[in-house]
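Take a look at the structure below.
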Amino acid sequence: MDFPTNGCALVAGGSGGIGRAVIRRLAEQGSDVAFTYRGNKDSAEEALREVSARGQAGYAIKVALEDDKSVAESIGHAVGALGPLHTLVYAAGPYIDMRYISQVTPDKFRSVMNQDAIGCYGLIHAALPRLRETKGAIVVVGTPAIRRYATRDILSAAPKAAVESVMKGVAAEEGRFGIRANMVGVGLLTDGMFHRLMETGDFDEKYLEAARRNLALKRLGTAEDIAEAVLFLASSRARWITGQTLMVDGGYAL
Ligand SMILES: NC(=O)c1ccc[n+]([C@@H]2O[C@H](COP(=O)([O-])OP(=O)(O)OC[C@H]3O[C@@H](n4cnc5c(N)ncnc54)[C@H](OP(=O)(O)O)[C@@H]3O)[C@@H](O)[C@H]2O)c1
């Protein structure tokens, strides 16, 4: 088996485009899945149905990542409901406007760092004692913009650079307890927050056409493309891989 048969995975951001795809794949692999959402109850309920349709148990937790205490409690709730935590996936993050740095106020920057980088830190920090018990795995989502900067992407690149550092630190310090940690760098998708970026006009057809032209593989990605890589890094098939960032971006960061 690629995942332990007892216990559960916890996916932060399970109501989002990427989180939902990861949840489906985990359930298909025979894992029970707890997940967090912040406000999208309909999507959380749909995720629960998708887990149960695959014959596994699901458990939804409403939590705001910037609330450290509740984030730590949510780990306890997941373990209480579904058993030992063998996998932690961080697939959450606030919606971000695509703006030049000159247009992003320090308050806006602080708020995004708080929800994304510090939220992820709090989640991982709270989960470490549980993951030591199971010699578990952590996978966080990031962005190729931490290697090749895309203009107007500071609100994605800056927190994800911090998240990558935390991931590497955990890999280096917790490996002796059997914990692995890795990142998937998420290229431009036609899923998840893409839909809102189109609605607001931050993305338009001209932008997308240029983006496609610049990719080695000449197509934008899907949440399923990302889930595939997340599942591999979380599974026992990646048992000697830790501290790595795998760019799943159609060749953007080359
Ligand atoms: N889609 C892309 O093209 C792309 C590219 C690069 C990186 N990423 C990164 O990948 C991650 C997931 O992206 P996605 O496209 O799946 O986004 P999404 O569909 O907008 O989902 C975001 C998820 O994060 C949750 N969330 C947002 N703010 C939160 C907060 N303050 N506290 C707790 N939960 C919060 C949302 O909960 P509710 O919806 O329930 O409120 C939702 O579950 C993000 O960090 C994003 O920056 C995405």
Side-chain angles (χ1 to χ4, degrees), residues 10-24 33-48 60-74 89-98 110-123 139-150 152-164 167 183-200 202-203 207-208 211-212 215 219-227 229-230 245-250 252-253:
L10 173 63
V11 179
S15 51
I18 296 170
R20 281 269 298 277
V22 170
I23 289 171
R24 281 193 297 274
V33 194
F35 64 86
T36 73
Y37 71 103
R38 184 186 55 172
N40 193 343
K41 193 159 181 270
D42 290 348
S43 182
E45 284 171 357
E46 188 53 32
L48 284 174
I61 306 156
K62 183 170 164 38
V63 72
L65 284 166
E66 54 273 38
D67 178 352
D68 298 343
K69 193 163 165 276
S70 300
V71 167
E73 282 168 4
S74 59
V89 177
Y90 178 72
Y95 174 78
I96 45 171
D97 301 309
M98 304 285 294
R110 189 177 295 112
S111 164
V112 171
M113 291 300 282
N114 197 27
Q115 291 179 67
D116 195 352
I118 299 175
C120 178
Y121 183 90
L123 180 81
V139 181
V140 295
V141 300
T143 170
I146 61 180
R147 299 283 186 276
R148 180 184 166 203
Y149 186 69
R152 302 189 297 144
D153 211 15
I154 194 63
L155 293 176
S156 177
K160 298 311 190 200
V163 168
E164 186 188 47
M167 175 280 288
M183 171 180 268
V184 172
V186 180
L188 188 52
L189 307 184
T190 50
D191 285 319
M193 57 180 69
F194 167 84
H195 299 292
R196 189 156 159 206
L197 287 160
M198 287 298 279
E199 277 164 32
T200 58
D202 276 2
F203 283 177
Y207 179 90
L208 296 180
R212 270 186 216 104
L215 293 182
R219 77 159 172 90
L220 305 183
T222 65
E224 301 296 332
D225 293 328
I226 304 306
V230 169
T245 296
L246 176 61
M247 295 303 175
V248 181
D249 64 355
Y252 170 83

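In listed order, ligands and their atoms are each counted from 1. Quick caveat: nothing in here was measured; it's all calculated off a predicted structure.
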Q.
Tell me whether G19 has any N or O atom under 3.5 angstrom from an N or O of ligand 1.
A. no
Practice item. Look only at interatomic distance and state if I96 has a nitrogen or oxygen under 3.5 Å from any nitrogen or oxygen of ligand 1. Key: no
| field | G192, any N or O under 3.5 Å of ligand 1 N or O | value | no
Taking only non-hydrogen atoms of G39 and a 4.0 Å limit, the atoms of ligand 1 in range are 38 (P), 40 (O), 41 (O)
Taking only non-hydrogen atoms of Q115 and a 4.0 Å limit, the atoms of ligand 1 in range are 28 (N), 30 (C), 31 (N)
Min N/O separation Y37 to ligand 1 under 3.5 Å
no
The atoms of ligand 1 lying under 4.0 Å from a heavy atom of V141, numbered in the order shown, are 10 (O), 11 (C)
Please list every donor-acceptor pair under 3.5 Å in which a side-chain atom of residues 192-200 meets a protein atom from a residue at least two apart or in another chain.
residue	atom	partner	partner atom	Å
T200	OG1	Y95	OH	3.3
T200	OG1	R196	O	3.2
T200	OG1	L197	O	3.1
T200	OG1	D202	N	3.4

Please confirm whether R38 comes within less than 3.5 Å of ligand 1 when only nitrogen or oxygen atoms on both sides are compared.
yes
Tell me whether L188 has any N or O atom under 3.5 angstrom from an N or O of ligand 1.
no
Is there a nitrogen or oxygen of A91 sitting under 3.5 Å from a nitrogen or oxygen of ligand 1?
no
E66 heavy atoms within 4.0 Å reach ligand 1 at atoms 30 (C), 31 (N), 32 (N)
| Do any nitrogen or oxygen atoms of G17 come within less than 3.5 Å of a nitrogen or oxygen of ligand 1? | yes
Query raised in the report: What about G16: any of its N or O atoms under 3.5 Å from an N or O on ligand 1?
Result: yes
Discussion item. I'd like to check whether D116 has a polar contact with ligand 1, where a contact means an N/O of the residue lying under 3.5 Å from an N/O of the ligand.
Written reply: no
